[in-house]
S.K.: 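Provided herewith is a single structure, encoded as structure tokens, for subsequent inquiry.
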Number of protein chains: 2
Amino acid sequence: MTGVTIRDVAKKAGVSPSTVSRVIRGETNVHPKTKRRVLQTVKKMGYFLDGSARAIVKKQTKTIGVSISDISNPFYPLLIRGIENTINKFDYSMILCNTDEDSSKEERHLKVMLEKRVDGLIIAPTNPQVPFLKLFEERGIPIVCIDRAIENVEADMVGVDNVHGAFAAVEHLIKLGHKRIAIITGIRGITTTNERLRGYLDALKRYGIKKDEALIVEGYSRIEGGIKATKELFKLKSAPTAIFSSNNLMTIGTFIALKELKKSIPKDVAVIGFDDLEWAETLDPPLTAVSQPTYTIGSTAAQLLMQRLLKEGPKKKQNIILKTSLVVRESC
Amino acid sequence: MTGVTIRDVAKKAGVSPSTVSRVIRGETNVHPKTKRRVLQTVKKMGYFLDGSARAIVKKQTKTIGVSISDISNPFYPLLIRGIENTINKFDYSMILCNTDEDSSKEERHLKVMLEKRVDGLIIAPTNPQVPFLKLFEERGIPIVCIDRAIENVEADMVGVDNVHGAFAAVEHLIKLGHKRIAIITGIRGITTTNERLRGYLDALKRYGIKKDEALIVEGYSRIEGGIKATKELFKLKSAPTAIFSSNNLMTIGTFIALKELKKSIPKDVAVIGFDDLEWAETLDPPLTAVSQPTYTIGSTAAQLLMQRLLKEGPKKKQNIILKTSLVVRESC
DNA sequence: CTGAAAGCGCTAACAA
DNA sequence: TTGTTAGCGCTTTCAG
């Protein structure tokens with residue numbers, strides 16, 4: 001607790017606090033000589049700006065909040081890097097929170113962020129209705145949604161075309177000759193879950209395949225869920241010949257379960273995943289998947305947010321939908 | 001920008017600012033009736049505490065800094081969760097920064113954290129000498145190192161026994177009959193790299209195997225590096241029969257390279273990795289690896305830090321070394 | 001149990 | 001180019 005203040009520096013350097021402040025903020029109208037002296041004193045005394053004090057008068061913290069479901073879902077790390085690399089250019093940092101898809105946890109985190117006076121928020125909302133976000137809007141704190149959309153609140157949004165991506169995945173399976181295609185869905189109620197399910201359904205309909213409720217199982221967006229769901233599918237009298245796993249973690253679960261069940265991929269059953277994995281080609285067999293530009297989602301969201309903070313953005317809220325791509329490897 | 005202050009609430013509720021402050025902080029010596037009235041007004045006016053203002057007088061931000069090399073390294077996500085889950089219990093949040101093993105980037109981040117007045121720091125230092133950390137020490141901001149140690153600064157440390165873990169890995173290989181064992185090392189200069197290399201060397205010596213410099217290659221702790229290093233090894237006149245990959249990302253690289261090279265694991269070459277992967281059993285073949293308790297590293301570090309912040313910790317700096325475990329699957 | 005007053009460390013007019 | 005002054009929104013004595 002050295003606690004050197006701007007006043008201490010001022011006294012030592014024989015100038016006024018405001019002059020020290022000017023030097024620190026890099027204002028130009030300070031005599032070079034004075035400036036040098038102040039800078040020396042700053043260094044000598046080990047002075048460090050107090051961000052809280054500055055924040056209180058500038059009404060700006062140079063901090064944004066980032067709320068996601070779970071950093072240990074492999075979907076997020078690169079997205080976070082996309083955010084970080086972008087905001088760093090603007091001298092911003094981020095407070096990171098995980099919600100675990102629990103909306104009460106989410107609300108607690110958002111409350112803290114509000115109190116810490118984040119300048120902006122990037123959020124993957126737990127559900128389309130997050131009443132608390134109203135408070136951000138009221139205070140003019142810009143919000144950018146990632147991955148999922150939100151209702152009733154003005155917010156930019158960056159995501160991918162889930163319906164189309166899922167459609168492409170299932171279409172791929174169908175063209176390979178599959179008719180009994182199962183889907184393992186994520187947590188109910190989340191936008192992405194719904195959209196991917198829709199894409200699945202659309203593809204079936206488009207190719208005249210009747211939907212079978214028994215082939216639609218919930219995997220809760222987790223490895224365990226993927227394992228359980230896959231095992232369930234193979235308890236059916238008429239098991240599927242192909243599985244569309246609609247997220248990352250569940251795909252890993254599916255692979256694990258299939259190995260346990262001694263089912264060979266793709267001979268016994270084809271598997272296609274939503275979300276590519278960095279190590280997808282080292283899987284057994286290499287995974288065919290719908291790939292999302294995760295880094296770009298993050299960087300785009302951050303850019304949008306920074307534009308808002310600099311009041312440079314377009315007036316209208318943006319809705320940016322990035323493209324997915326089908327990466328064909330050997331699991332189908 | 002609603003900007004409702006404690007004074008606004010006070011006026012509306014017909015009390016003094018200090019009373020409002022008392023209610024907000026949950027002080028008990030406030031008349032229940034007054035308390036209720038204030039609480040109502042707070043809610044009605046949409047008042048929200050200003051954390052910066054509080055921080056400035058309490059000299060406490062309830063925020064810690066977390067500096068790691070790269071969140072997209074699969075080693076970190078669970079570790080971060082360990083930290084978060086722990087600090088959340090104490091109403092703390094974290095500012096997360098990635099250094100990419102670049103010490104100048106690290107210093108910039110640390111400077112910002114100092115300015116944002118983090119109460120504590122958890123860091124995986126880029127190298128054993130981070131002069132900037134001296135400034136944290138001077139200000140009495142507790143530091144906990146994870147994964148790697150630091151010199152010249154008082155700091156707690158939580159890590160694993162890298163020497164022993166590496167020794168066990170190589171020993172496993174030797175007992176399987178291997179004599180030409182290669183190691184792919186991480187970035188030079190980092191503690192973990194050195195320690196794992198030492199474990200490798202120790203094991204060779206212990207079992208009377210002469211070390212061959214050609215079998216020690218650098219993989220720079222990245223997937224690309226692992227690929228390159230593996231390919232180099234197979235350009236040798238006398239290629240290794242086993243590879244010890246000393247980190248996560250490089251192991252993935254090794255798998256990729258071996259597949260390209262059409263080498264079969266473990267028939268043509270055995271592979272053992274340092275760092276387990278959540279999806280290790282879905283690899284082709286399932287990976288044998290030295291597993292680290294990543295979540296526990298994070299939670300332990302956070303607990304230690306919280307103890308320091310609550311001034312409850314032991315006086316002496318702690319050095320907690322957790323155990324690794326060998327998970328035998330099918331790649332050896 | 002409550003209020004008045006001072007002050008945390010900074011910036012932003014306004015004067016000089 | 002520099003200094004003086006008045007806050008920013010909160011907490012904390014100290015009285016009452």
Side-chain angles (χ1 to χ4, degrees), chain A residues 1-39 41-42 45-63 91 112 114-119 139-140, chain B residues 1-39 41-42 45-63 91 112 114-119 139-140:
Chain A
M1 233 66 78
T2 347
V4 181
T5 79
I6 227 173
R7 256 184 277 269
D8 300 329
V9 174
K11 197 172 295 175
K12 193 90 156 198
V15 295
S16 77
S18 30
T19 298
V20 177
S21 176
R22 283 185 189 104
V23 172
I24 285 165
R25 283 171 299 142
E27 271 196 26
T28 49
N29 49 352
V30 179
H31 193 95
K33 227 168 171 168
T34 319
K35 184 170 171 179
R36 193 145 26 83
R37 190 148 37 91
V38 170
L39 251 18
T41 319
V42 161
M45 302 184 73
Y47 167 82
F48 254 82
L49 181 71
D50 184 326
S52 305
R54 170 177 281 184
I56 206 180
V57 11
K58 299 260 248 193
K59 283 160 182 7
Q60 187 199 113
T61 54
K62 292 260 186 184
T63 305
D91 292 318
V112 170
L114 218 47
E115 294 190 342
K116 296 206 169 153
R117 295 293 193 263
V118 295
D119 294 341
R139 284 164 179 68
Chain B
M1 236 55 90
T2 347
V4 181
T5 80
I6 226 173
R7 257 186 276 271
D8 300 330
V9 174
K11 198 173 295 174
K12 193 90 154 198
V15 295
S16 76
S18 27
T19 298
V20 177
S21 175
R22 283 187 189 101
V23 172
I24 285 166
R25 281 171 301 139
E27 269 195 27
T28 49
N29 49 351
V30 179
H31 194 95
K33 226 168 172 171
T34 319
K35 183 171 172 179
R36 193 147 24 82
R37 190 148 37 91
V38 170
L39 251 18
T41 318
V42 162
M45 301 183 75
Y47 168 82
F48 254 82
L49 180 72
D50 185 326
S52 305
R54 170 177 281 185
I56 206 181
V57 11
K58 299 259 250 192
K59 284 164 184 4
Q60 184 198 116
T61 55
K62 292 256 185 190
T63 304
D91 291 318
V112 170
L114 218 46
E115 295 190 342
K116 296 206 168 151
R117 294 294 193 263
V118 294
D119 295 341
R139 283 164 180 69

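Note on naming: letters A, B, ... go to the chains in the order of the sequence lines (proteins, then strands), and numbering restarts at 1 for each one.
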S.K.: Below 4.5 Å, heavy atoms only, C-beta onward: do B:T19 and B:R22 meet side chain to side chain?
M.R.: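 Answer yes - side chains close enough.
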S.K.: Under 4.5 Å between any side-chain heavy atoms of B:T5 and B:D8, yes or no?
M.R.: yes
S.K.: Pick base, sugar-phosphate or nothing for B:T34, based on heavy-atom distances below 4.0 Å to the nucleic acid.
M.R.: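 The answer is sugar-phosphate, as B:T34 gets under 4.0 Å only of primed atoms, P, OP1 or OP2.
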S.K.: If you take all heavy atoms of A:K116 and B:T63, which pair is closest and at what distance?
M.R.: NZ-OG1, 3.1 Å
S.K.: Is there a side-chain contact between A:E115 and B:D50 (heavy atoms, below 4.5 Å)?
M.R.: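 The answer is no, as the side chains (C-beta and beyond) never meet within the 4.5 Å cut-off.
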S.K.: Ignoring backbone atoms, test whether A:K59 places a side-chain nitrogen or oxygen under 4.0 Å from the OP1 or OP2 oxygen of D:dG9.
M.R.: yes
S.K.: So if I apply the side-chain contact (heavy atoms from CB on, under 4.5 Å) rule between B:Y47 and each of B:I24, B:V38, B:V20, which one comes out positive?
M.R.: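 Testing B:Y47 for a side-chain contact (heavy atoms from CB on, under 4.5 Å) against B:I24, B:V38, B:V20 leaves exactly one candidate, B:I24.
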S.K.: Restricting to non-hydrogen atoms, name the atom on B:T61 and the atom on B:D119 that form the minimum distance, rounded to 0.1 Å.
M.R.: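 Heavy-atom minimum between the residues: N-OD1, 2.9 Å.
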S.K.: For the helix from C:dC1-D:dG16 to C:dA16-D:dT1, what is the angle between the axes at its two ends, each from 5 pairs, rounded to 10°?
M.R.: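 Angle reported: 30°, given to the nearest ten degrees.
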S.K.: Report the residue (B:D50 or A:V30) whose heavy-atom-nearest nucleotide on DNA chain D is the more 5′ of the two.
M.R.: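 Comparing both residues, the 5'-ward one is A:V30.
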S.K.: From the 5' end of DNA chain C to its 3' end, which nucleotides mark the outer limits of contact with chain A, defined by a 4.0 Å heavy-atom distance cut-off (strictly under)?
M.R.: C:dG9 to C:dA13
S.K.: Looking at B:A10 and B:P17, what are the two nearest heavy atoms and their distance?
M.R.: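 That closest heavy-atom pairing would be CB-N, 3.6 Å.
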S.K.: Does any part of the side chain of B:K62, heavy atoms only, come nearer than 4.5 Å to the side chain of A:V112, both counted from C-beta?
M.R.: no
S.K.: A:E115 CD to D:dG9 P: how many Å, rounded?
M.R.: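 From A:E115 CD to D:dG9 P: 16 Å.
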S.K.: Listing time: all N or O pairs from protein to nucleotides 11-13 of chain D that are below 3.5 Å?
M.R.:
| residue | atom | partner | partner atom | Å |
| --- | --- | --- | --- | --- |
| D:dT11 | OP1 | B:R54 | NE | 2.8 |
| D:dT11 | OP1 | B:R54 | NH2 | 2.8 |
| D:dT11 | OP2 | B:S21 | OG | 2.7 |
| D:dT12 | OP2 | B:R25 | NH1 | 2.8 |

S.K.: Do the non-hydrogen side-chain atoms of A:R37 and A:V15 ever get within less than 4.5 Å of each other?
M.R.: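 A:R37 vs A:V15: side chains touch.
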S.K.: Check whether any side-chain heavy atom of B:R25 sits under 4.5 Å from a side-chain heavy atom of B:R54, and report yes or no.
M.R.: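 Of all side-chain heavy-atom pairs linking B:R54 with B:R25, at least one is under 4.5 Å.
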